[in-house]
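A, B, ... follow the sequence lines: proteins, then strands. Residue 1 opens every chain.
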Amino acid sequence: MLKYPEELKEEKVEKKFDFPILHDPSKKVVTRFAPNPDGPLHIGNIRSALLSYEYSKKYNGKFILRFEDTDPKTKKPILHLNQMEKLDYQYILEDLEWLGIIPDEIYIQSDRLNIYYKYIEELLKKGFAYVCQCLDNEIKINRLKGIECSHRSIEPEQNLELFYKMLTGDANGVIRIKTDMKHKDPSVRDWIAFRVIDPKKYIHPRIEKIKSYLGYEPYLWPTYNFSVSIDDHLMGVNLIFRAKEHLNNTIKQSYIFKYFNWDEPKVIHYGRIKVSGLTLSKSKIVKDYKDFSNPDLATIIAFRKRGFLPESIKTVILELGIKPSEAIISLENLYAINRKLIDYATDRYFFVYNPIPVKLNIPEKIIIKRQLHPSRKDFFEFELEPNPEILICKNDLDSEVRLINLGNIKIKKINGNYIGEFSEDQSLEYAKEKLKFIQWVPSNRKVKCKIKVPSIINKNQLIEGYAEPEISKLKINTIIQFVRFGFVKLDEIKDNECIFYYLHD
RNA sequence: GCCUCGGUAGUUUAGCCUGGUUAAGAAUGUAGGCCUCUCAAGCCUAAGAUCCCGGGUUCAAAUCCCGGCCGAGGCACCA
């Protein structure tokens, strides 16, 4: 939340992302983002979303969001991140919305099982697929050796019979797509399109909805490559941006398109994203972190909490372009972009950590005018009583310093206590030439602060200190800058303590 | 091990497909200056790349070809 949102300088954001024309210009371009809703979105998996959305927008196309939740076993879908959410997988939508991505259409694959059944039935009829009842190890070995198993030559009628039984768990096995058992990539050799998953043992979070349209409890679930192929075709997707880890999947999927005589969408593969120092692995995030907004994470929620502007995230990702080589996101770059965007609109306040009390020998009271921003005129003021005690950061202890908005003081240590006296020369010129400018907080006029910081900046993830009490009047989510400390975002105020997220310096 | 794909300033990236004024461009970062009661932002300047290495094709190669080195991804009844 910014005080002067109108000050956001648009031209800084509006980099020209010159997408080359990748689609067939005679057709309306349709792109999609197809996440597995098994955890929060992070900076790695929004690349496809951002590229797809921006591209479709630029060329007046359509953008589809599709939840790929067809594995209740190893990639169990997460319906809600917290109790508050009403719609399934709403948390993904919220992250996308924050990034300015509004889908034209939304689909959930677990709503579409009957569609996948219909198409595999057709392939079975035509003999392009078959039910294989080998043990998983046999499948593996035969694959590596390039050997066709006996099930491959079973007649369609018998396959269909088995298929109908498998739907309700009355037969075992997998359904494989006939490709080429001598294909140079073993994983392509008769890849698996459906497998049986026991719904009693592995409960899909949307099972009631699924049962209601299917009329029974399904045992047969399509694998990624099958459902993706069918959906991409049915939804008219003709341009796909995806990570190059999917390169061999594209080969597998092309068999489906060939058997149905469909046009294949154009696929652009890009490299993986890494962010140095921040955790990206979704399974690790889900397993190791209770709080998905932990500042150590590169989740969208964490970035949002810390106070990044969506424009900054967007810029950094889109700047990576669509190279197939791997990309490491430069956090410095992200900070720089965000800093420039928020700088003018963020008020400055004083925050002192590792506080050291200093007694000032100032006999009369003074009115202090505190500037809220060096480039703006607005300020607040307060009265500093005679001989006050103030707090400064331990590492700012110097024999002579400039207390910003107060004056130049000399600090002496007497009997273990620090005493400050006004220097003879109070001029700014002198201070600029010789002294360190430091922030300070009066001991009797302060509010306690805790700042959640990424562990790469501070090991224990929490910096405590005192700030000027004005901050406790700020609205939650306001971004401010603690002078000579960094930008922070107010997250909550509780028990007279202000809790902030650290953004960047 | 097998199969793909990459390798441009400290970092990220443009250019490579369709070789030749771009004596390799940008951002960030770094250094210096101006401005400023922050080590922020803003303005100005500078330094910084043997375009991974070696060979070839060509009048001409970052761009095309071959070999090497390094890196990434894949080799699931996961997406």
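A salt bridge is absent between A/E383 and A/R445; no separation between the charged side-chain nitrogens and carboxylate oxygens falls under 4.0 Å.
Looking at heavy-atom distances under 4.0 Å, A/N225 makes no contact with the nucleic acid at all. Using a 4.0 Å heavy-atom distance criterion, A/D343 is classed as a base contact. Counting non-hydrogen atoms under 4.0 angstrom, A/R348 reaches a base of the nucleic acid. Note on A/A431: nothing from the nucleic acid sits closer than 4.0 angstrom, heavy atoms only. Using a 4.0 Å heavy-atom distance criterion, A/Q481 is classed as a base contact.
Residues A/I64 and A/P103 have side chains not in contact (no heavy-atom distance under 4.5 Å, counting atoms from C-beta outward).
A/T179 contributes a side-chain N or O that, together with a main-chain N or O of A/D190, makes up a donor-acceptor pair within less than 3.5 Å.
Between A/T223 and B/C78, a side-chain N or O to OP1/OP2 separation shorter than 4.0 Å is absent. Side-chain nitrogen and oxygen atoms of A/R339 include at least one within less than 4.0 Å of the OP1 or OP2 phosphate oxygen of B/A41.
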Short N/O separations, protein against nucleotides 33-37 of chain B, under 3.5 angstrom:
| from | atom 1 | to | atom 2 | distance (Å) |
| --- | --- | --- | --- | --- |
| B/C37 | O2 | A/R402 | NE | 3.1 |
| B/C37 | O2 | A/N405 | N | 3.2 |
| B/C37 | N3 | A/R402 | NH2 | 2.5 |
| B/C37 | N3 | A/N405 | N | 3.4 |
| B/C37 | N4 | A/R402 | NH2 | 3.2 |

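Summarising the geometry, the separation between CD1 on A/I273 and P on B/G73 is reported as 13 Å, rounded to the nearest angstrom. One atom, CD1 of A/I175, and another, P of B/C77, lie 14 Å apart when rounded to the nearest Å. In this structure, the CZ atom of A/F226 is 16 Å from the P atom of B/C77, given to the nearest Å. Distance CZ (A/R370) to P (B/U38): 11 Å, rounded to an integer number of Å. Rounded to a whole Å, the OH atom of A/Y335 is 18 Å from the P atom of B/U11. Residue A/W221 contributes atom CH2, which lies 18 Å from atom P of B/C77 at whole-angstrom precision. Between A/I192 atom CD1 and B/A79 atom P there is a gap of 11 Å when expressed in whole angstrom units. Atoms CG (A/N333) and P (B/A27) sit 11 Å apart, rounded to a whole Å.
Among the nucleotides B/C78, B/G73, B/C75, the one closest to the side chain of A/E245 is B/G73. Distances were taken from every side-chain heavy atom of A/H246 (C-beta onward) to each of B/A40, B/A79, B/U38; the shortest belongs to B/A79. Distances from the side chain of A/L320 to the nucleotides B/U12, B/A76, B/A79 place B/U12 closest.
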For this session: Sugar-phosphate means primed atoms, P, OP1 and OP2; the rest is base. With that split, encode nucleotides 3-10 of chain B 5' to 3' as B, S or - using protein heavy atoms under 4.0 Å.
Result: -SBS---B
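Nearest heavy-atom pair, A/A129 versus A/I175, reported as atom, atom and distance to 0.1 Å: CB-CG2, 4.2 Å.
Under the 6.0 Å distance and 45° angle rule, A/R370 counts as a cation-pi partner of A/F350.
Across all strands shown, B/C5 pairs with B/G71; the Watson-Crick or G-U wobble distances both stay below 3.5 Å.
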